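Because the structure is a prediction, the values reported are computed rather than measured. Excluded from the calculations below are hydrogen atoms, water molecules and symmetry mates; all remaining heavy atoms, backbone and side chain alike, are included. One-based numbering along the sequence shown.
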Amino acid sequence: MRLFSALLPPEAVLRRVAEITRELRDLPEAGRVRWTDPAGWHITLAFHGECPDKILPDLGERLGRAARRSAPFHLRLTSGGRFGDRALWLGVADARPRLDPLPPAGDGRKEVVSPGLPNTPASGSPEETTSEPGGPPLAGAGRPPREAATGRDRPVVRLAEACRAAGARAGAPHRETVPFRPHLTLARSRGGAGRAMAVLAGVPGDVIGEAWLVDRLVLIRSELPSGAAPGAGPRYTPLLARELGTGRAVEATIAGG
């Protein structure tokens with residue numbers, strides 16, 4: 001099965017993303033790209049590749065270990081850019097908590113135990129890392145405050161690196177070789193849509209929506225539906241989630257899914 005680890009923004013944030021996407025889809029160039037399904041919007045931490053079922057228990061344990069070593073943190077979406085003519089995305093910036101932040105993505109969710117997976121992460125050395133693709137930022141894109149952590153000191157980057165190391169140590173085949181840049185993909189193209197991507201990515205903007213508390217990471221299975229029409233997007237199924245700061249198994253859901 002094809003697996004990746006990810007963060008899932010809460011419904012309130014995704015509603016704002018949906019508004020922005022509707023505006024972009026009204027542009028003449030919008031028909032040259034394939035827009036991602038809102039039900040599957042996520043921020044990839046680590047792509048693990050095509051994995052055998054037998055590594056799932058160990059991978060779940062190691063992801064729990066990575067989650068336990070990461071305190072919850074705040075993020076917000078900002079204007080983004082494009083990866084050449086392949087993908088259009090929104091950026092992800094660190095955010096300071098407010099006195100009245102949005103409820104955590106995990107509010108009201110029950111603690112659960114995934115079948116065949118340990119509920120309490122084993123102790124061990126910190127997971128180490130590799131890294132993911134980058135692209136030019138949009139003009140006017142939101143930036144973290146000057147005093148915020150940057151590069152590998154950012155909590156989201158440290159968590160991504162730990163997830164990639166967890167996958168590697170569990171036997172997942174994929175290895176990242178380029179620096180990680182957190183993003184939420186809005187549209188993709190198989191090529192030949194460079195001008196469309198440039199126009200869409202050049203729409204000015206700044207901070208998008210409210211900050212939210214990241215309190216869990218999720219392991220997701222990606223598969224193309226059987227008999228899917230050409231250009232159909234993947235179907236995402238959450239397999240497990242681990243709470244940041246504790247590593248406990250918690251409910252894994254995809255907004256709108």
Do you know which two heavy atoms are closest between [X] and [Y], and how far apart they sit?
X: Val218; Y: Ala252; value: CG1-CB, 3.9 Å
X: Arg169; Y: Asp58; value: O-OD2, 4.0 Å
X: Phe4; Y: His48; value: CA-CD2, 3.7 Å
X: Ala95; Y: Leu75; value: CB-C, 3.9 Å
X: Met1; Y: Leu239; value: SD-CD1, 4.2 Å
X: Arg188; Y: Met197; value: C-CE, 3.9 Å

Determine, step by step, whether Trp41 and Leu90 satisfy the side-chain contact (heavy atoms from CB on, under 4.5 Å) criterion, reporting the C-alpha distance in whole Å, the side-chain angles of both residues, the deciding distance to 0.1 Å, and the verdict.
CA-CA 11 Å; Trp41 280 338; Leu90 292 177; over 6 Å; no
Evaluate the side-chain proximity of [Y] to [X]: yes if any heavy-atom separation is below 4.5 Å, no if none is.
X: Arg22; Y: Asp26; value: no
X: Thr185; Y: Thr44; value: no
X: Leu88; Y: Val33; value: no
X: Leu77; Y: Val92; value: yes
X: His74; Y: Leu213; value: yes
X: Pro182; Y: Arg154; value: yes
X: Glu223; Y: Thr237; value: yes
X: Val250; Y: Asp215; value: no

Identify, with sequence neighbours excluded, every residue that meets side-chain contact (heavy atoms from CB on, under 4.5 Å) alongside Pro52.
Lys54, Ile55
Trp89 vs Phe83 aromatic rings, parallel, tilted or perpendicular, using cut-offs 30° and 60°?
tilted
Donor-acceptor contact below 3.5 Å, side chain [X] vs main chain [Y]:
X: Ser222; Y: Tyr236; answer: no
X: Arg175; Y: Ala172; answer: yes
X: Arg158; Y: Asp153; answer: yes
X: Arg216; Y: Glu251; answer: yes
X: Trp35; Y: Ala30; answer: yes
X: Ser5; Y: Cys163; answer: no
X: Arg235; Y: Gly40; answer: no

Worked verdict on Val17 versus Leu186 for side-chain contact (heavy atoms from CB on, under 4.5 Å):
CA-CA 9 Å; Val17 176; Leu186 296 179; 3.7 Å; yes
Here's a test for you: under side-chain contact (heavy atoms from CB on, under 4.5 Å), which of Ile43, Val156, Leu7 qualifies with Val214?
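Exactly one option meets the side-chain contact (heavy atoms from CB on, under 4.5 Å) with Val214, and it is Leu7.
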Derivation of the side-chain contact (heavy atoms from CB on, under 4.5 Å) call for Val157 and Glu161
CA-CA 6 Å; Val157 174; Glu161 291 181 337; 4.1 Å; yes
Calculate, to the nearest 0.5 Å, the distance between atoms [atom1] and [atom2] belonging to [X] and [Y] respectively.
X: Ile220; Y: Arg2; atom1: CD1; atom2: CZ; answer: 13.5 Å
X: Arg164; Y: Leu159; atom1: CZ; atom2: CG; answer: 10.5 Å
X: Arg69; Y: Leu244; atom1: CZ; atom2: CG; answer: 13.5 Å

I would like to know whether Leu240 and Leu59 meet side-chain contact (heavy atoms from CB on, under 4.5 Å); could you show each step before the answer?
CA-CA 10 Å; Leu240 61 87; Leu59 179 57; over 6 Å; no
Presence of salt bridge, Glu19 and Arg15, under 4.0 angstrom
no
Salt bridge (Lys or Arg N to Asp or Glu O under 4.0 Å) with Glu50: which residues, sequence neighbours excluded?
none
